Amino acid sequence: MPENKMTAVESKLASVMQKFVGKTGGLISALRQVQDQIGYLPQEAVSVGADAFNLSRAEVKGVISFYSDFHGAPKGRTVVRLCAAEACQAVGGRELQAGVEKKYALKMGETSASKDIALERVFCLGLCSCAPAAMVGDRLVGRADLERIATAVESHAEERK
Ligand code: FES
């Protein structure tokens, strides 16, 4: 797509993605970068990504839908991911989930109306020996309890100011 025919959003996406063209795993890195900067993948990411990496739109959509980490709508600024896999469930994961849902008045998969926080369920964070495990933003929390999660949420919110 010629640069002068792009919308402002497409131009921004193109400039972010261009840095990853020709690199191994470039499309995924480019999509991650876009999501980090904007908070989600706008629908224009498909066409801009396809043009930048010389792929079909279906191929780009396939990559986006394969990785559950990519999302097409804004999420909470702080995403709390709780592990729902076996090792974590065996040592209080369910109770922890119930406590977190109550504390933030959200159910798994929901985002607060203020967009400050979102809760997500994940299946194994590779931290089974320190179960129950959680991830707040990009920070892993082992032996997670309500207090440790709340502390991580506060420091993540602080870092993003
Ligand atoms: S089962 Fe929860 S981190 Fe592996």
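For ligands, and for the atoms within them, numbers begin at 1 and follow the listed sequence. Computed from a predicted model, the values in this text were never measured in an experiment.
Shortest non-hydrogen contact noted between Val34 and Leu13 is CG1-CD2, 3.4 Å. Residues Leu119 and Lys107 approach most closely at CB-O, 4.0 Å, considering heavy atoms.
Hydrophobic clustering (side-chain heavy atoms under 4.5 Å, transitive across Ile, Leu, Val, Met, Phe, Trp, Tyr) keeps Tyr40 apart from Val80.
For ligand 1 and Ala85, the ligand atoms under 4.0 Å from any heavy atom of the residue are 1 (S). Remark: ligand 1 atoms within the under-4.0 Å shell around heavy atoms of Ala87 are 1 (S). If you number the atoms of ligand 1 from 1 as listed, the ones under 4.0 Å from a heavy atom of Gly126 come out as 3 (S). For ligand 1, the atoms lying closer than 4.0 Å to a non-hydrogen atom of Cys124 are 1 (S), 3 (S), 4 (Fe).
Residue Cys130 places no heavy atom under 4.0 Å from ligand 1.
Between the SG atom of Cys88 and the SG atom of Cys83, the angle centred on atom 2 (Fe) of ligand 1 amounts to 100° when rounded to 10°.
Taking 4.0 Å as the cut-off between side-chain N and carboxylate O, Asp69 and Arg81 count as a salt-bridged pair. Comment: Glu159 engages Arg139 in a salt bridge, judged by a side-chain N to carboxylate O separation of less than 4.0 angstrom.
Closest to atom 3 (S) of ligand 1, if we only count protein heavy atoms, is Leu125 N, 3.2 Å.
Under 3.5 Å, the side chains of Glu59 and Ser56 contain a donor-acceptor pair of N or O atoms.
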